[in-house]
Amino acid sequence: QVQLVESGGGLVQPGGSLRLSCAASGSIFSSYTMGWYRQAPGKQRELVAAITAGGSTNYADSVKGRFTISRNNAKNTMYLQMNSLKPEDTAVYYCNAQYGVDLRYWGQGTQVTVSS
């Protein structure tokens, strides 16, 4: 089983930046498609960004040009660099790992709050 631990969340002013990290253990990190999801209070969890084992990336339209997803397979770690943050980015951000169709794992989440 893959275990995922997020870190890097916190309070930031609008226009500021944060970098989230997701550290993986317990399996072969390089084989998984990785993603960042977020969930704001009272709303559905939504995909923010994803990166495949081969390095292909996808982003939600709301974060394109502002967020960058990356992975370091040697360190078993995935990152989400968040720039030009807006109040609507406020949410709990979750790390996700997926292998094939059926295997999916989630981290515990890290709070990101964008407020003046």
Side-chain angles (χ1 to χ4, degrees):
Q1 179 174 324
V2 173
Q3 297 189 57
L4 306 172
V5 179
E6 302 99 329
S7 62
L11 175 65
V12 65
Q13 292 186 333
S17 297
L18 285 173
R19 189 186 74 161
L20 305 184
S21 298
C22 173
S25 63
S27 190
I28 303 175
F29 177 83
S30 61
S31 299
Y32 286 78
T33 294
M34 305 294 296
W36 288 98
Y37 290 72
R38 67 186 182 188
Q39 187 167 24
K43 298 187 181 298
Q44 296 286 329
R45 188 173 298 186
E46 64 176 351
L47 176 67
V48 176
I51 183 166
T52 68
S56 179
T57 59
N58 287 286
Y59 297 91
D61 288 342
S62 60
V63 307
K64 283 183 178 178
R66 299 189 297 121
F67 292 8
T68 303
I69 189 171
S70 62
R71 65 196 297 165
N72 187 330
N73 290 340
K75 296 182 180 292
N76 283 0
T77 304
M78 177 183 64
Y79 306 95
L80 184 68
Q81 179 65 48
M82 304 186 294
N83 299 325
S84 301
L85 282 161
K86 305 174 180 179
E88 50 263 46
D89 295 317
T90 296
V92 177
Y93 284 70
Y94 295 92
C95 178
N96 170 265
Q98 180 173 344
Y99 186 82
V101 177
D102 297 321
L103 289 178
R104 302 194 72 175
Y105 303 94
W106 295 93
Q108 83 287 352
T110 185
Q111 177 71 48
V112 172
T113 302
V114 185
S115 176
S116 60

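Residue numbers run from 1 in the order of the sequence given.
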Flag the pair Leu4 / Trp106 as yes when at least one side-chain heavy-atom distance between them is below 4.5 Å, and no otherwise. no

Just verifying a value: how many Å separate Ser30 OG and Arg71 CZ, rounded to the nearest 0.5 Å? 7.5 Å

pair Thr33-Ile51: side-chain heavy atoms closer than 4.5 Å: no

Is there side-chain contact between Val2 and Phe29, with at least one heavy-atom pair below 4.5 Å? no

Tell me, do Phe67 and Leu20 make a side-chain contact under 4.5 Å, heavy atoms counted? no

Under 3.5 Å, is there a donor-acceptor pair between the side chain of Arg66 and the main chain of Ser62? yes

Polar side-chain atom of Ser56 near backbone of Gly54 as donor-acceptor pair, under 3.5 Å: no

Minimal heavy-atom distance between Ala40 and Ala91, with the atoms involved, is N-CB, 3.8 Å

What I'd like to find out is whether the side chain of Gln13 reaches to under 4.5 Å of the side chain of Val114, using heavy atoms alone. no

Once you round to the nearest 0.5 Å, how far does OG1 of Thr110 lie from CG of Leu80? 11.0 Å

Is Pro14 close to Lys86 at the side-chain level, that is, under 4.5 Å between some pair of heavy atoms? no

Should the heavy atoms of other residues, nucleotides or ligands under 6.0 Å from CD of Glu88 be counted, would the total exceed 12? yes

Just verifying a value: how many Å separate Asn58 CG and Ile69 CD1, rounded to the nearest 0.5 Å? 9.5 Å

If we count only N and O atoms by modelled type, under 3.5 Å, do the side chains of Ser17 and Asn83 hold a donor and an acceptor together? yes

State the CD-CD distance between Glu6 and Gln111, to the nearest 0.5 angstrom. 12.0 Å

Straight-line distance of Asn96 CG to Arg45 CZ, nearest 0.5 Å: 9.0 Å

Honestly curious: do Leu85 and Tyr37 fall in one hydrophobic cluster under the side-chain, below-4.5 Å linking rule? no

Check whether any side-chain heavy atom of Met78 sits under 4.5 Å from a side-chain heavy atom of Trp36, and report yes or no. yes

Does Asn76 offer a backbone N or O that forms a donor-acceptor pair with the side chain of Asn73 under 3.5 Å? no

In one Ile/Leu/Val/Met/Phe/Trp/Tyr side-chain cluster, 4.5 Å: Tyr105, Val92: no

Following the transitive rule for hydrophobic clusters with a side-chain heavy-atom cut-off under 4.5 Å over Ile, Leu, Val, Met, Phe, Trp and Tyr, establish whether Tyr79 and Leu18 coincide in one cluster. no

The single option from Val12, Asp89, Leu11 that satisfies side chain to side chain contact (heavy atoms under 4.5 Å, CB included) with Thr113 is Leu11

Between OG of Ser31 and CG of Leu103, what distance do you get to the nearest 0.5 Å? 11.5 Å

Tell me, yes or no, whether the heavy-atom count around Tyr59 atom OH, taken from other residues, nucleotides or ligands under 6.0 Å, exceeds 12. yes

Between Met34 and Cys22, does the side chain to side chain contact (heavy atoms under 4.5 Å, CB included) criterion hold? Intermediate values first, please. CA-CA 9 Å; Met34 305 294 296; Cys22 173; 4.3 Å; yes

How about Tyr99 and Tyr32: are their ring centroids closer than 6.0 Å? yes

Is Val5 reachable from Tyr93 through a run of hydrophobic residues whose side-chain heavy atoms are each under 4.5 Å from the next? no

Under the 6.0 Å and 45° cation-pi test, does Arg38 pair with Tyr94? no

